[in-house]
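Values reported hereafter were calculated over all heavy atoms of this structure, with side chains retained and with hydrogens, waters and symmetry mates removed. A quick note: this is a predicted structure, and the numbers were derived from the prediction, not measured.
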Amino acid sequence: MAYIQTETTNVPDERGYYGEFGGRFVPETLIPALDELIVAYREAMADPEFQKRLMDLHHTYTGRPTPITYAERLSQQLGGAQIYLKREDLAHTGAHKINNALGQALLAQRMGKKRIVAETGAGQHGVASATACALLGLECHVYMGSVDMARQQPNVFRMKLLGANVIPVESGSKTLKDAINEAIRDWVTNVQSTFYLLGSALGPHPYPMMVRDFQSVIGVEAREQILEATGRLPDTCIACVGGGSNAIGLFHGFRDDEDVELIGVEAGGHGIESGEHAARFADPSTGRPGVLHGARSFVLQNADGQIMNTHSVSAGLDYASVGPEHAHLRQTERAFYTLATDEEALAALQTLCKMEGIIPALESSHAVAEAIKRAPTMPKDSIILVNLSGRGDKDLDTVMRELKLNG
Ligand SMILES: *Cc1c(COP(=O)(O)O)cnc(C)c1O
């Protein structure tokens with residue numbers, strides 16, 4: 001079975017555009033490196049040995065295929081659609097990010113680049129990158145804002161245990177966007193020896209395409225599994241959207257199934273009116289087309305085009321831009337986007353714990369919240385497939401703090 005889909009779609013075009021979104025907005029010095037990457041990626045994808053190596057690692061190391069689980073008690077309680085969960089929380093390191101980190105690390109190895117740089121916000125992509133580098137014997141340097149390092153001590157320690165060099169970033173707001181700037185700067189300086197391992201379906205072409213292809217294993221597996229379990233396709237697929245990698249990976253399995261509705265859920269934070277959120281598609285006065293970190297997409301910005309500060313209870317959804325392919329899927333109405341607030345995500349997290357014995361990541365809880373809203377409005381013989389992008393163990397501190405605040 002081919003795990004990686006590359007030929008099912010005509011996007012992006014040769015220049016890396018998804019309709020009017022995407023492209024390569026980078027310093028001139030990076031263009032040859034991006035061109036080299038595109039060629040190496042296409043060669044790797046055309047090489048059955050590369051695909052087999054990745055598939056073997058997914059079987060023996062990542063724990064793929066991850067199962068789908070019928071959420072029977074939750075479905076019965078809601079009284080409408082039958083809810084199935086794609087269990088990326090069961091993948092090694094506890095989330096879907098390893099699918100992409102392993103794919104890119106294997107590509108770096110094939111290109112003869114022994115030095116990896118990555119950026120991380122909450123630390124989840126840093127941990128996935130450090131894991132893949134340890135496995136393949138690559139040198140790993142992770143840029144992380146010093147504010148994020150203080151907030152995410154356990155992940156800093158995990159990365160160090162895994163042999164990575166964690167580099168504190170003291171510029172700007174000392175968070176993810178500053179870490180991305182530093183990682184890009186490092187790459188520009190050391191481009192001969194270094195591979196930039198990017199964590200979501202973001203950045204300049206070919207990253208959004210590569211990350212999507214590596215994450216499409218989620219959708220390819222899930223489609224086969226739901227057909228086997230129920231004899232039919234789901235009516236609706238739901239996934240949370242930070243940069244957009246777990247969602248685009250799920251959506252790609254069903255992209256050509258026109259009757260399957262695709263729903264992305266953004267972080268509504270404290271609500272759109274509060275201005276404290278990370279919902280790029282929700283409010284046209286702040287979420288508008290713009291360029292951030294190498295690609296044109298929807299970006300949260302003020303009237304002068306300054307990037308806005310974002311908020312979400314889940315660190316993984318807390319980013320001012322979104323992958324360009326999502327902007328395109330929304331514009332062409334192949335996918336639809338909504339949001340869940342912090343409060344709704346926290347409630348959904350508790351519901352899934354009590355009804356199904358699964359502690360979901362706060363990010364994934366946004367997708368669960370949307371399923372909880374929709375299921376009662378749908379017939380009993382309909383099916384919702386939710387991508388459970390990760391497990392909630394990393395979020396226990398946050399959840400404890402938030403629940404106490406809520407009384
Ligand atoms: C990082 C993360 C996300 C958000 O990233 P995407 O690229 O949008 O998938 C979602 N869920 C979990 C568990 C994460 O760790």
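- Residues Thr120 and Met159 form a side-chain contact, since some pair of their non-hydrogen atoms from C-beta on lies under 4.5 Å apart.
- A donor-acceptor contact shorter than 3.5 Å links the side chain of Ser75 to the backbone of Ile83.
- Not one N or O on the side chain of Thr310 forms a donor-acceptor pair closer than 3.5 Å with the backbone of His277.
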Evaluate the side chain to side chain donor-acceptor pair (under 3.5 Å) criterion for residues Ser364 and Ser389: first the C-alpha distance (whole Å), next the side-chain angles of each, then the deciding distance (0.1 Å), finally the verdict. CA-CA 5 Å; Ser364 324; Ser389 54; 2.7 Å; yes

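- Shortest non-hydrogen contact noted between Ala71 and Glu356 is C-OE2, 3.2 Å.
- Other residues, nucleotides and ligands contribute more than 12 heavy atoms inside 6.0 Å of the CD atom of Glu170.
- Asp89 places no side-chain N or O within 3.5 Å of a backbone atom of Ala95 that could act as its donor or acceptor partner.
- Few gaps surround CZ on Phe336; more than 12 heavy atoms of other groups in view lie less than 6.0 Å from it.
- Side-chain N or O atoms of Asn100 include none that pairs as donor or acceptor with a backbone N or O of Val211 at under 3.5 Å.
- Leu349 CG to Ile358 CD1: the interatomic distance, rounded to the nearest 0.5 Å, is 11.0 Å.
- Although no hydrogens or angles enter the test, the distance criterion places a donor-acceptor pair under 3.5 Å between the side chain of Thr230 and the main chain of Arg232.
- Here the side chains of His141 and Val117 are in contact, with some heavy-atom distance below 4.5 Å.
- A salt bridge links Lys52 with Asp56: the distance from a Lys NZ or Arg NE/NH1/NH2 to an Asp or Glu carboxylate oxygen falls below 4.0 Å.
- Side-chain contact check for Ser314 versus Asp395: every heavy-atom pair is 4.5 Å or farther apart.
- In this structure, a donor-acceptor pair under 3.5 Å is absent between the side chains of Arg87 and Thr66.
- A cation-pi arrangement is not found for Arg24 relative to Tyr17, the charged atom failing to lie both closer than 6.0 Å to the ring centre and inside a 45° cone about the ring normal.
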With salt bridge (Lys or Arg N to Asp or Glu O under 4.0 Å) as the test, would you mind laying out the steps for Arg151 and Asp148 before giving the verdict? CA-CA 5 Å; Arg151 284 195 291 214; Asp148 286 337; 2.6 Å; yes

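- The heavy-atom pair separating Arg255 from Arg334 by the smallest distance is O-NE, 3.1 Å.
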Passes salt bridge (Lys or Arg N to Asp or Glu O under 4.0 Å), Glu370 versus Arg374? Steps please. CA-CA 6 Å; Glu370 179 62 19; Arg374 265 169 202 259; 2.5 Å; yes

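- Proximity of a side-chain donor or acceptor of Arg280 to a complementary backbone N or O of Ala278 within less than 3.5 Å is detected.
- For the residue pair Gln152 / Lys394, no side-chain donor-acceptor distance below 3.5 Å is found, with atom types taken as modelled.
- Side-chain contact between Pro234 and Phe254 is present, with at least one heavy-atom pair separated by less than 4.5 Å.
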I'd like to know whether Asn99 forms a side chain to side chain donor-acceptor pair (under 3.5 Å) with Glu88, so could you lay out the CA-CA distance, the side-chain angles of the two residues, the decisive distance to 0.1 Å, and finally the verdict. CA-CA 10 Å; Asn99 303 328; Glu88 292 303 291; 3.1 Å; yes

Verdict with reasoning, Lys86 to Gln225, per side chain to side chain donor-acceptor pair (under 3.5 Å): CA-CA 9 Å; Lys86 175 62 172 166; Gln225 290 166 321; 2.9 Å; yes

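- In this structure, CG in Leu90 is found 7.0 Å from OG1 in Thr69, a value given to the nearest 0.5 Å.
- Taking 4.5 Å as the limit, every side-chain heavy atom of Lys354 sits out of range of all side-chain heavy atoms of Arg73.
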Using side chain to side chain contact (heavy atoms under 4.5 Å, CB included), reason through Val299 and Met308 one step at a time and then give a plain yes or no. CA-CA 9 Å; Val299 180; Met308 282 178 35; over 6 Å; no

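- Inspection of the His96 and Ser245 side chains reveals an N or O donor paired with an N or O acceptor under 3.5 Å.
- Minimum heavy-atom separation, Leu352 to Pro360: CD2-CG, 3.8 Å.
- Closest of all the heavy-atom pairs between Ala222 and Leu250 is CB-CD1, 4.2 Å.
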Give the intermediate values and the outcome of side chain to side chain contact (heavy atoms under 4.5 Å, CB included) for residues Val241 and Leu317. CA-CA 7 Å; Val241 183; Leu317 303 186; 5.9 Å; no

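- Once rounded to the nearest 0.5 Å, the distance linking CG of Leu198 with CH2 of Trp187 reads 8.5 Å.
- Side-chain polar atoms of Tyr41 and Asp213 form a donor-acceptor pair below 3.5 angstrom.
- His270 has its ring centre less than 6.0 Å from the ring centre of His311.
- Checking side-chain atoms of His328 against main-chain N and O of Pro324 turns up no donor-acceptor pair under 3.5 Å.
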With side chain to side chain donor-acceptor pair (under 3.5 Å) as the criterion, how do His205 and Glu14 come out once you've worked through the C-alpha distance, each side chain's angles and the decisive distance to 0.1 Å? CA-CA 9 Å; His205 179 60; Glu14 277 302 300; over 6 Å; no

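- Using a 4.5 Å heavy-atom cutoff, the side chains of Pro208 and Ser297 are not in contact.
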Please determine whether side chain to side chain contact (heavy atoms under 4.5 Å, CB included) holds for the pair Phe50 and Met45, giving the CA-CA distance in whole Å, both sets of side-chain angles, and the decisive distance to 0.1 Å. CA-CA 7 Å; Phe50 181 84; Met45 285 295 130; 3.8 Å; yes

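- The backbone N or O of Val191 lies less than 3.5 Å from no partner atom in the side chain of Thr194, so there is not a single donor-acceptor pair.
- To the nearest 0.5 Å, atoms CZ (Phe195) and CG (Asn190) are separated by 15.0 Å.
- Within the 4.5 Å cutoff, side-chain heavy atoms of Asp35 are placed close to those of Ile31.
- Separating the CG atom in Asp318 from the OG1 atom in Thr175 is a distance of 8.0 Å, to the nearest 0.5 Å.
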Verdict with supporting geometry, Leu106 and Leu102, side chain to side chain contact (heavy atoms under 4.5 Å, CB included): CA-CA 6 Å; Leu106 268 185; Leu102 261 187; 5.5 Å; no

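- Arg64 is not listed as a side-chain neighbour of Leu57, based on a closest heavy-atom distance of 4.5 Å or more.
- The existence of a salt bridge linking Lys373 and Glu344 is confirmed by a sub-4.0 Å separation between a basic side-chain nitrogen and an acidic carboxylate oxygen.
- In this structure, a donor-acceptor pair under 3.5 Å is absent between the side chains of Gln331 and His326.
- Residue Tyr196 comes nearest to Ala118 through the heavy atom pair CE1-CA, 4.2 Å, listed as atom of the first residue, atom of the second, then distance.
- In terms of modelled atom types and a separation under 3.5 Å, the side chain of Glu119 and the main chain of Asn181 share no donor-acceptor contact.
- The pair Arg185-Glu182 meets the salt-bridge criterion, with a side-chain N (NZ, NE, NH1 or NH2) lying under 4.0 Å from an Asp/Glu carboxylate O.
- Between Phe251 and Ala335, the shortest heavy-atom contact is CE1-CB, 4.1 Å.
- To the nearest 0.5 Å, the span separating CD1 on Ile184 from CG on Leu30 amounts to 7.5 Å.
- Under the 30°/60° scheme for interplanar angles, the aromatic rings of Tyr319 and His293 are found to lie parallel.
- With hydrogens and angles left out, the side-chain atoms of Tyr70 and Gln82 include a donor and acceptor closer than 3.5 Å.
- At distances below 3.5 Å, at least one donor-acceptor pair connects side-chain atoms of Asn302 with backbone N or O atoms of Asp304.
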